[in-house]
Student: 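The structure under discussion is supplied below as structure tokens; questions concerning it will follow.
Numbering of residues begins at 1 and proceeds along the displayed sequence. Just follow the structure's listing: the first ligand is 1, and inside any ligand the first atom is 1. The structure displayed is predicted, hence computed values, not measured ones. Hydrogens, waters and symmetry mates are skipped; everything else that's a heavy atom, side chains included, is used.
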Amino acid sequence: MSGEARVIVLGCGTSTGVPAIGCTDPVCLSDDPRNKRLRPSILVQNEASSLLVDTGPDLRQQALVHGIRRVDAVVYTHFHADHTHGIDDLRVFNFLMKRPIPCYAFPNTVNVLRRNFSYIFGNSPDTTGFRPQLTLYEVEGTPFEAGGFRVRPLDLEHAGMRVMGLRIGDFAYATDCNAIPPASMEALRGVRVLILDALRHREHPSHFTVEQALEVVRELKPERTYFTHTHYDLEYYETNRKLPPGVEMAYDGLTFEIRPEEQGEG
Ligand SMILES: [Zn+2]
Ligand SMILES: [Zn+2]
């Protein structure tokens, strides 16, 4: 793999999405597209290949909006429902590409995926429906190849749960975390573009607040940082106005170029 690739933010909302069902908060009632956020997911793609990170409940809508026609591999950051419950829609990519899709995750995530989606990964007695054809691979701390991209997995802490952050060349994705262990901070050094969890201003047991996320930014000093997994407490324009230079809210559909690692580098 060489040359440029791009990242598309398919969703950057918190677990309920924004607007949340039934919510009458001004941000949920806002007509502005930047205040409408699907469940968190990104697509990393180049001319040849597409790597999907997570399959949240909005996957179908995200694929339709962006005209996604291929998924060469999936990386799961963790097993929470807002990152996995669109898994069944992967079957359309089996139809389109006529092959199984490799999926990569840490062992704790693989275990729960097997249990939660036993109709896909187990021997389901139901032979009437078409199930997604997926091959699950456990990965650990060493770089792996997914969809033609070299991914360096990073440990993130999400209220004690192990979540995978991804570094791909000069880009890193760190959603669903309230702490980044020192070794992962080291592995994030020199990152040019960072997508980072920043739920809201109020403290939360499993997500960075805006202020905590800014501490990470001050240490890593990426050229650009985009906040993801954002709650409806964070109005897009008002929040952006107060963020320091180089830091902004992500929005659904945000697209930027990255420089992935050449195979065999590092
Ligand atoms: Zn989440
Ligand atoms: Zn989570």
Student: What is the name of the N/O/S atom of His78 that is nearest to the Zn ion (ligand 2)?
Tutor: NE2
Student: Please state the angle at the Zn ion (ligand 1) spanned by OD2 of Asp176 and NE2 of His229: what is it, rounded to 10 degrees?
Tutor: 90°
Student: Could you tell me whether the side chains of His201 and Asp233 share a donor-acceptor contact shorter than 3.5 Å?
Tutor: no
Student: So is Arg34 actually on top of Tyr251's ring, under 6.0 Å and inside 45° of the axis?
Tutor: yes
Student: With the Zn ion (ligand 2) at the center, what angle do ND1 from His80 and NE2 from His158 span, rounded to 10 degrees?
Tutor: 90°
Student: Mind checking whether the Zn ion (ligand 1) has an N, O or S of His83 under 2.8 Å?
Tutor: yes
Student: Of all N/O/S atoms in Asp82, which lies nearest to the Zn ion (ligand 1)?
Tutor: OD2
Student: Using only heavy-atom distances, determine whether the side chains of Ser30 and Asn35 contain a donor-acceptor pair under 3.5 Å.
Tutor: yes
Student: Within the 3.5 Å criterion, strictly below it, is a donor on Tyr76 or Thr55 matched to an acceptor on the partner's side chain?
Tutor: yes
Student: Using the benzene-type ring in the case of Trp, are the ring centres of Phe117 and His85 under 6.0 Å apart?
Tutor: yes
